[in-house]
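Following: one structure in structure tokens, then a few remarks.
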2 protein chains.
Amino acid sequence: MTGIKDVAREVEMSTATVSRALRGLPGVTEETRAIVLEAALRLGYAPSPTAVRLASGQTRTVAVVVPYVTRWFFSSVVHGAEEVLSGRDYDLLLYNLAGSTAARHRVFDTDLLTKRVDAVLVLSLRPTTDELARLDRLARPVTFVGADVPGWATVRIDDRAAARSAIQHLIDLGHQRVAYVGGATEGVLDFSAPADRLSGFRDTLLDAGLTPDPTLERDGSFTIAGGTAAGRSLLDRPDRPTAVFAASDEMAFGVLRAARDLGLRVPEDLSVVGVDDHELADFFDLTTVAQPVQEQGRVAAQQVLAALGAKASGENWQPRQVILETRLVGRGTTGPPPGRRA
Amino acid sequence: MTGIKDVAREVEMSTATVSRALRGLPGVTEETRAIVLEAALRLGYAPSPTAVRLASGQTRTVAVVVPYVTRWFFSSVVHGAEEVLSGRDYDLLLYNLAGSTAARHRVFDTDLLTKRVDAVLVLSLRPTTDELARLDRLARPVTFVGADVPGWATVRIDDRAAARSAIQHLIDLGHQRVAYVGGATEGVLDFSAPADRLSGFRDTLLDAGLTPDPTLERDGSFTIAGGTAAGRSLLDRPDRPTAVFAASDEMAFGVLRAARDLGLRVPEDLSVVGVDDHELADFFDLTTVAQPVQEQGRVAAQQVLAALGAKASGENWQPRQVILETRLVGRGTTGPPPGRRA
DNA sequence: GTGAAAGCGCTAACAA
DNA sequence: TTGTTAGCGCTTTCAC
């Protein structure tokens, strides 16, 4: 392994000069720089990230904590974050909780992250007070994606508004009995979006003079299978709803399946709306509230890098709450309710 | 930030003793160790990974190179790898190529990985000779997942056999006109599986006395949309095949959609088989050749860790080719061909 | 513009 | 069993 000393020896200069020349710092003749660059290239020199980190005090590494890597939403956010981090020569350290409390504990309640990374991205989780305290002690920029964490930097959508636009769409079509399929509003992996989408759902109905029916609210645990089960229990009854709002596309897919299994036609007998604009939404011709997913990862990464930059140049930096726009994508799973068709 | 010196000062011992005590090395009185542990805990000491790495010469980091993180197969492999790596206190550095040649070049043809990681996991890519040469120069354990790379450590399935079992299943049902939907056997992101699955398809037909029809082979680019397009061109003709073998479940989903769009009943008019046992395969009731995906990530991670262990203890270690079992999962998308029903 | 020397925060020989 | 002393491979003052 050739090190900076080898290069210095080769060009008969000090390692200080070689270091400066290689990093493009000022105070080096162009001639000197050229000589150094040539020698470094010739010797196949590559600096040791570890040594650079120890000497510079920066890890140039960002931790990304993900509830479940295998879910489309999370892997898409990771994709976005990786894109900007690798572009700025930062390493992305992946921590996949895989839904495990033990893993969550290990990441947040031990010294795992301490001195290991310059910044942290946390996806969708709603941190506990203790976790926030520990993250605070890290004294590093932290950004939450897809969760509302007051006082901290966040990048997300307005979940209430997203639900609202979906419900309003159904109301405009003439639906009066609208069901909700969501996820636990608390639990092992506590997310912040479900509660907001649920209240957006209820409020919009109320605003339209409709009364939310508690018996039309189901837990679909944000999975396809959960959506199918919820859909079945919702639709297999005489007074079934004419429309279902699922708080995620995956649950909406499940509802579509339940409808199909029960012989219901969509949208003639039942309308379905989701949230996400999942890569399969088009495939299922699902009407949904689209949210920019990769973009949230990108923006979050840019945010922590900006914070790091500000820190380095001594500026003071305030955590920002970024809210990205959603938009209703009308497709084939929504239409007027039965008996109200043109 | 409290460092090892602070702990040493606190207990009035040398940093060497503190280091030994904290790491559980032999040659330290239990009493001493207890004192040190207590002080470290009380002072909130956590070692600096960077310093440990520089001093020990090990990064305790494994790079995982992924063609597309957002695809189910890859994120599942990452999941498996992360599980074992985090369990052994290794960091997982994620590199997502996102299908970009530039990204691939950056990872393999620059000094990016040099001195940065102890081992590398490469998913599905078929490396070029140049890339192999560079990986070789890293002098670090490298394991390829889902690709056949002669002479290197690999973890994969027998792609020819997987295709064979799917085709044999169709033949046993009585199918004679079987189509193939696969992916480019070369290209920007060069994978090794497609070619093997294609030849497994052809060979099995030949072995059964059937002649593979080149006009029944399509490129579905391993995506749902590609599968839909391929399916449409395959099925929208009078002499359409009675069965389609898709080299991945996602393409099979696309074929199912094409069939549905064309008004074909499955499996009455058309049988479809995929490969993977994707999380949605059950949802689509798709007959498929299941492969252990997370497991491949797990085994690959275990492999590089074993290699690292062998290296550390001076044993010599030979790259192994691990082949994991596949099995046909019969579901509802396959049945006897039209006109041959019981 | 360049070099000498002192760290960065640990580990690891080698002594004691 | 414990301490002393060198590093690990860079960056960064501070001189010159």
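Everything numeric in this text was worked out from a predicted model, so none of it was measured. Chain identifiers are assigned alphabetically (A, B, ...) following the order of the sequence lines, protein sequences preceding nucleic acid strands; residue numbering begins at 1 within each chain.
- For the side chain to side chain donor-acceptor pair (under 3.5 Å) test, residues two or more places apart in sequence or in another chain that qualify with Glu83(A) are Arg298(A).
- Separating the CG atom of Leu22(A) from the C1' atom of dT12(D) is a distance of 16 Å, rounded to the nearest angstrom.
- Contact record, Leu113(B) with Val107(B): CD2-O, 3.8 Å, taken as the closest heavy-atom pair.
- The interatomic distance linking Met1(B) (CE) with dG9(C) (P) rounds to 11 Å, in whole Å.
- For Asp6(B) and dG9(C), the CG to P distance is 10 Å, given to the nearest whole Å.
- Computed from coordinates, the Arg9(B) CZ to dG9(C) P distance equals 12 Å when rounded to whole Å.
- By the ring pair (Phe, Tyr, Trp, His ring centres under 6.0 Å) test, Phe144(A) is found to be paired with Trp152(A), residues two or more places apart in sequence or in another chain being considered.
- With sequence neighbours excluded, the residues satisfying side chain to side chain donor-acceptor pair (under 3.5 Å) with Arg106(B) are Asp89(A).
- One interatomic measurement links the two molecules: CZ of Arg116(B) to P of dC10(D), which rounds to 13 Å at whole-angstrom precision.
- In the set dG3(D), dT11(D), dC10(C), dG3(D) carries the atom at the smallest distance from any side-chain atom of Met13(B).
- For residues 48-69 of chain B, the salt bridge (charged side-chain N to carboxylate O under 4.0 Å, His left out) pairs, not counting sequence neighbours, are Arg53(B)-Asp91(B).
- Rounded to an integer number of Å, the gap from CD of Gln58(B) to P of dG9(D) is 14 Å.
- In this structure, the CD1 atom of Ile4(B) is 8 Å from the C1' atom of dG9(C), given to the nearest Å.
- The side chain to side chain donor-acceptor pair (under 3.5 Å) contacts involving residues 40-49 of chain A comprise Glu10(A)-Arg42(A), Glu38(A)-Arg42(A), where partners must be two or more places apart or lie in separate chains.
- Between the C1' atom of dG7(C) and the CG atom of Leu54(B) lies a distance of 12 Å, rounded to the nearest Å.
- Taking every heavy atom of both residues into account, Val117(B) and Val62(B) meet most closely at CG1-C, 4.3 Å.
- When the salt bridge (Lys or Arg N to Asp or Glu O under 4.0 Å) test is applied to Asp111(B), the partners found at least two apart in sequence or on another chain are Arg134(B).
- Summary of helix geometry: the two end axes of the helix from dG1(C)-dC16(D) to dA16(C)-dT1(D), each defined by five base pairs via their C1' atoms, are inclined to each other by 30° (rounded to 10°).
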Give every pair of a protein N or O atom and an N or O atom of nucleotides 12-14 of chain C that lie under 3.5 Å apart, one pair per line with the distance.
from    : atom 1 : to       : atom 2 : distance (Å)
dA12(C) : OP2    : Arg23(B) : NH1    : 3.2

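- Looking at residues two or more places apart in sequence or on another chain, you find no side chain to side chain donor-acceptor pair (under 3.5 Å) involving Asp148(B).
- Among residues two or more places apart in sequence or in another chain, the side chain to side chain donor-acceptor pair (under 3.5 Å) test is passed with Thr50(B) by none.
- Taking 4.0 angstrom as the limit, Ser14(A) places a side-chain polar atom (N or O) nearer than this to OP1 or OP2 of dG3(C).
- Residues from residues 26-36 of chain B lying near DNA chain D, meaning a heavy-atom separation below 4.0 Å, are Gly27(B), Val28(B), Thr29(B), Thr32(B) in numerical order.
- Sorted pairs that involve residues 308-324 of chain B and meet salt bridge (charged side-chain N to carboxylate O under 4.0 Å, His left out), not counting sequence neighbours, are lacking altogether.
- Under the 3.5 Å distance criterion, the side-chain polar atoms of Thr29(A) are left unmatched by any main-chain donor or acceptor of Thr32(A).
- Listed pair Ser48(B) / dC10(C) fails the phosphate criterion, with no side-chain N or O lying under 4.0 Å from OP1 or OP2.
- The side chain of Val52(A) approaches dT11(D) more closely than any other nucleotide in the set dG9(D), dT11(D), dT11(C).
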